[in-house]
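Residue numbers begin at 1 in each chain, while the letters A, B, ... track the order of the sequences. The model shown is predicted, which means the values in this text are computed figures rather than measured ones.
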2 protein chains.
Amino acid sequence: MQMIPTKNIKEASQGLRALAHETRLAVLCHLLQGPMCVQELMAATGASQSNLSQHLSKMRLMGILESEKRGQHVYYRIANPDFGELVLALKRIYCPDMCS
Amino acid sequence: MQMIPTKNIKEASQGLRALAHETRLAVLCHLLQGPMCVQELMAATGASQSNLSQHLSKMRLMGILESEKRGQHVYYRIANPDFGELVLALKRIYCPDMCS
DNA sequence: TTGACTTATCATCATATTCTAATATATTCG
DNA sequence: CGAATATATTAGAATATGATGATAAGTCAA
């Protein structure tokens, strides 16, 4: 196991912080199934429009999500498939009962 | 990819929060090499004694680390090897240049 | 153009996190 | 015992983060 360079620790910890919230982690999990628009994510997470928009904005700024406007809807998707691996590692830790 | 149950999202996001700090992530990375005592971790991270102790305490309470007292030193180690996988996923995202 | 709808942004308040400094506890050694 | 060392705990101030409500801006359809 090789050490992460100090200069990257900062970036990685900022990225983690952008995931370390119940709503944002739920969004990430839902988006693993494919792109969704804000309305759909509102329904899926139960967050309010304003609140969700701010969470999505933060994740986009941190490079976790990408967005694309189609008509009056904005679709969000995961920017980097490696986040799927990260969620898998999370599942091994926090959902040991799930056979994945 | 199977969805993480809502009831576990909370726990997982709390766990992530316990990692989402520059000092704590650095500690985790160092401990991947093996157990270390507080002094060694102070030298490795540059954090102050009190500050580091609080970070270690939080990680221990969150089940990320375990500690063992040996003489006047307290050795910390990673409680769950799956956190190593999580760090590997982080490396793929934030250190794409590192050939790991 | 007007009105409904979708999303983003802003201001503000509430809460959580982090750091520092001081102090406490425990262990070892002389 | 008393001093030195290692670690933990506490209180407080500073800062960051999160939720809400109001509003703005873009799109569509009548």
Determine, for nucleotides 16-24 of chain C in 5'-to-3' order, which nucleotides have protein heavy atoms under 4.0 Å from the base (write B), from only the sugar-phosphate (write S), or from neither (write -).
-> -SSBBBB--
What string of B, S and - do you get for nucleotides 25-30 of chain D, 5' to 3', when a contact is any protein heavy atom under 4.0 Å?
-> -SBS--
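Counting heavy atoms from C-beta on, the side chains of A:Leu90 and B:Asp82 never come closer than 4.5 Å. The shortest distance between side-chain heavy atoms of A:Val27 and A:Leu52 falls below 4.5 Å. Residues B:Val74 and B:Glu68 are not in side-chain contact: their nearest non-hydrogen atoms beyond the backbone lie 4.5 Å or more apart.
Minimum interatomic distance between A:Leu31 and A:Tyr76 (heavy atoms only, all atoms of both residues): CD2-O, 3.5 Å. Closest heavy-atom contact between B:Ala79 and B:Gly63: CB-O, 3.4 Å.
For A:His21, there are no side-chain hydrogen bond (donor to acceptor under 3.5 Å, both in side chains) partners at least two apart in sequence or on another chain.
For the pair A:Leu61 CG and D:dA16 P, the interatomic distance rounds to 17 Å; values are reported in whole Å. D:dT20 atom P lies 12 Å from atom CG of A:Leu52, rounded to whole Å. Distance A:Met36 CE to C:dT6 P: 15 Å, rounded to the nearest Å. Rounded to whole Å, atom P of C:dA4 lies 16 Å from atom CD of A:Gln39.
Within the model, atoms CD1 of B:Ile64 and CG of B:Leu56 stand 11.0 Å from one another, a figure rounded to the nearest 0.5 Å.
Grouping the Ile, Leu, Val, Met, Phe, Trp and Tyr side chains by contacts below 4.5 angstrom, directly or via other members, places B:Leu28 apart from B:Tyr75.
For the OP1/OP2 pair of C:dT6 and a distance below 4.0 Å, the side-chain nitrogens and oxygens of A:Tyr76 include no atom meeting the criterion.
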